[in-house]
Amino acid sequence: MAMVAAQRKPHPLGRGSLALAVVWALSMLIEAPCGVDGFSMGAPESVCFSLVPGHKAQAQTTPSPFTLALASPKSSNKTTAGDSKDRVIRVRLSSPHRIPFKGYIVRAEAYGTNVPIGSFTFEDPSKSKAMSCGKGIANAATHPDSKLKYFVDLDWHAPEDYSGIVLFNATFVQNYSNFWVGVISDKVKVFSTSPGTKPPAEVTLPAAVTQSPVELSPRISEEVAKLYDGCAITKLCFGMPARCIQDGNCHTLVTILATGTQFEFELLAVPVNEDVKYVAVGLSSDKSMGDDSVTECELGPSGVNLHTSYNIGQSNKRNPNKNGVSLVSSSYEDRVIHCKFTREAVTVAGGKPYDLFQTPYHILLAAGESLKPDSVGYHFSRRAYSENPQILSVVGEVEEASKLFFHLHGSFMVAAWLLSASTGIILARYFKKTWTGHQTCGKDQWFAWHRFLMIITWGLTIAGFVLIFVEIGEWSSSAGTHAILGTITTALAFIQPFMAAFRPAPTGKRRPLFNWAHWFVGNSAHILAVVTIFFAVPLVKAELPPWMDRVLVAYVVFYVLMHLIFSISGFLSERENTKRVNTFAMKDLSSSRSPLEMPDRNMDAPYAVLRKVLLALYIIVVCALTIALIVIIALAPIERNWERVTKVFSQS
């Protein structure tokens, strides 16, 4: 299933050798019957050294979505490689993002060589079979069939006559066109038990096999995988996130199968950031909430319960009876909600007839983490609706409605606060004594550009705020910290231009008070805006990668660093300017005018060139970071969509 980005830590890709790729391809022509996938029965021993499948496609160069993790098979996280009872290391091949893989090849090798060492054993022969890479021992392992797998456990036995560093090297095959070569593990140091060698040393391993908080048991993983069987072939399927059905990694899913006079629905919800308490499917005449027939599977004290309800406007009213809906089965295991129910082809809900054979409906899919006494709670993080109305008896994969407003909301806010607002703040703070000899529309350069950038900030913020409310449709107290801080930020931004419009004259008594208020409101809005963007990253609906936090941290560090440099240059400028004033000729001081009113006041303050260079550097770097973030938001989920984009360009 789809996982939270903050917990995704794929191992870096290595490079598999291509030396035996031709041999592997020829062996497949000889051994594999026509029409059978090249990896369906496991890799041949001829690829033990290259680890490169004989597929016509090239290995992926993107980070692998699959990982290798190591641990002792016992409760202790330390193992002595020389101990005959405990010189076994458990190797787990897993998919932290709940993307199933069909095939794999794995071997242990002496560090810095391409030589397989040790031997593998396994408890589950349905997921593994031994390979011999020379010496007639099982020093590698592969898959026995092409069934979908989410993790595979293998036990590696250290050789008694080897002392040195070992690492594990693997190839993962998602499908015929997508495979990753050179996925490596952490290094492990082992010692020989032969006489005359050093005493056995402890090998420190991770405390446990790397697992996600939503790691599913093998049985539940297989049950979840079965839900995708027949999608777009015998039944209608709709899931979140977008296009997740092809990869089998939906965190929320509904499947619909027409069976005579009834329809069989299956609902699934897997936890991502939070534990889900319900999953629901609705049928609607439009893409918005209101006048919808809803069926929800809700987690109760004794298990999963089935309810029917009806959306009246933005509220939900539960029906006292099931209205032609019957629960077939339900379960709650590994924090996964799953239920199956049947619905009569013709039913009545909210006083309206629903004919599932004749009338097309928009499918609404939702899941949430809160419950009310007589209904389900709000589903801010998980809600999706089909782009077009569907005849439910027509099989296929339902396309989710456009998320354009979501993407525009995020892009507008990033452009407004990380680029426009921050640049305007720097101009107002450090450039009042720069470009003093030039004006725009009768205003100093710093003020003209500051005002221009803040107008852009104001416009983008208000537009982004309106777009998200149009998309969501209402405010909810369960919307989270991101929504609360975003609303406060928008309110502060909204009042800023009105405060500026009524600012006192420069000589007015209240001008200092206005200056402090203007400074406080503007900087508070900017700080809150950046914090709000951080809180957007873990939202399931946003589908943002966890490493986006690193880009935001880079922005914050650079912004603070530039403020520090500008402050130092300002201090040096003031000190130099003081020397300039103190060196005026005596005849100039005899004038009734102050030195600041001399023609010299039209000169830029010292170090103006340095400030201009720093400003140019700041704009270039922040523009680059802003563009990167907007691309991440626009292509969310970035990993999946970036891969599709690159494939389109590579094939053109």
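All values below were derived from every heavy atom in this structure, side-chain atoms included, with hydrogens, water molecules and symmetry-related copies excluded. The structure displayed is predicted, hence computed values, not measured ones.
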Straight-line distance of [X] [atom1] to [Y] [atom2], nearest 0.5 Å:
{"X": "Leu327", "Y": "Thr295", "atom1": "CG", "atom2": "OG1", "result": "11.0 Å"}
{"X": "Ile245", "Y": "Leu227", "atom1": "CD1", "atom2": "CG", "result": "11.0 Å"}
{"X": "Cys237", "Y": "Leu257", "atom1": "SG", "atom2": "CG", "result": "9.5 Å"}
{"X": "Ile462", "Y": "Thr457", "atom1": "CD1", "atom2": "OG1", "result": "11.0 Å"}
{"X": "Ser293", "Y": "Tyr361", "atom1": "OG", "atom2": "OH", "result": "8.5 Å"}
{"X": "Leu364", "Y": "Asn311", "atom1": "CG", "atom2": "CG", "result": "7.5 Å"}

[X] side chain near [Y] side chain, heavy-atom distance below 4.5 Å:
{"X": "Val325", "Y": "Leu306", "answer": "yes"}
{"X": "Thr342", "Y": "Phe265", "answer": "no"}
{"X": "Tyr228", "Y": "Cys250", "answer": "yes"}
{"X": "Leu253", "Y": "Leu267", "answer": "no"}
{"X": "Leu552", "Y": "Leu629", "answer": "yes"}
{"X": "Ser185", "Y": "Val91", "answer": "no"}
{"X": "Trp180", "Y": "Phe66", "answer": "yes"}
{"X": "Asp549", "Y": "Val551", "answer": "no"}

With a 3.5 Å distance limit and no angle check, can you tell me whether [X] reaches the backbone of [Y] through a side-chain donor-acceptor pair?
{"X": "Tyr555", "Y": "Arg550", "answer": "no"}
{"X": "Trp417", "Y": "Leu528", "answer": "no"}
{"X": "Ser386", "Y": "Pro389", "answer": "no"}
{"X": "Ser331", "Y": "Glu333", "answer": "no"}
{"X": "Asp355", "Y": "Phe357", "answer": "yes"}
{"X": "Ser95", "Y": "Tyr150", "answer": "no"}
{"X": "His482", "Y": "Thr532", "answer": "yes"}

*asked:* Please evaluate residues Leu268 and Val224 with respect to the criterion side-chain contact (heavy atoms from CB on, under 4.5 Å), reporting the C-alpha separation (whole Å), side-chain torsions for both, the decisive distance (0.1 Å), and the verdict.
replied: CA-CA 8 Å; Leu268 173 77; Val224 169; 3.9 Å; yes

Report yes or no: do [X] and [Y] form a side-chain donor-acceptor pair below 3.5 Å?
{"X": "Thr67", "Y": "Ser94", "answer": "yes"}
{"X": "Asn319", "Y": "Thr308", "answer": "yes"}
{"X": "Glu266", "Y": "His338", "answer": "yes"}
{"X": "Asn178", "Y": "Gln60", "answer": "yes"}
{"X": "Tyr104", "Y": "Ser128", "answer": "yes"}
{"X": "Glu296", "Y": "Ser309", "answer": "yes"}

For atom [atom1] of [X], is the number of surrounding heavy atoms from other residues, nucleotides or ligands below 6.0 Å larger than 12?
{"X": "Phe535", "atom1": "CZ", "value": "no"}
{"X": "Lys352", "atom1": "NZ", "value": "yes"}
{"X": "Phe534", "atom1": "CZ", "value": "yes"}

Closest non-hydrogen atom pair between [X] and [Y], with its separation:
{"X": "Ile633", "Y": "His407", "answer": "O-CD2, 3.2 Å"}
{"X": "Asn305", "Y": "Ser302", "answer": "OD1-OG, 4.5 Å"}
{"X": "Ile533", "Y": "Met413", "answer": "CD1-O, 4.3 Å"}
{"X": "Ala416", "Y": "Leu460", "answer": "CB-CB, 3.7 Å"}
{"X": "Thr359", "Y": "Ile391", "answer": "C-CD1, 3.7 Å"}
{"X": "Tyr354", "Y": "Leu283", "answer": "CE2-O, 3.8 Å"}

*Let me see the working for Met240 and His251 under side-chain contact (heavy atoms from CB on, under 4.5 Å), right down to the final yes or no.*
CA-CA 6 Å; Met240 292 186 278; His251 57 63; 3.5 Å; yes

*asked:* Could you tell me if Arg343 sits above the aromatic ring of Phe263, with its cationic atom closer than 6.0 Å to the ring centre and no more than 45 degrees from the axis?
replied: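 Arg343 over Phe263 ring: no.
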
*Only one of Leu418, Thr489, Leu485 clears side-chain contact (heavy atoms from CB on, under 4.5 Å) with Val530; which?*
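Passing option: Leu418.
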
*Start with the C-alpha distance between Lys235 and Ile256, add both sets of side-chain angles, then the distance that settles side-chain contact (heavy atoms from CB on, under 4.5 Å), and finish with yes or no.*
CA-CA 6 Å; Lys235 59 186 178 182; Ile256 306 172; over 6 Å; no

*Output yes when Lys149 and Glu222 qualify as a salt bridge under the 4.0 Å nitrogen-oxygen rule, no when they do not.*
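Answer for the salt bridge query: no.
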
*Determine, stepwise, if the pair Val281 / Val294 fulfils side-chain contact (heavy atoms from CB on, under 4.5 Å).*
CA-CA 6 Å; Val281 59; Val294 181; over 6 Å; no

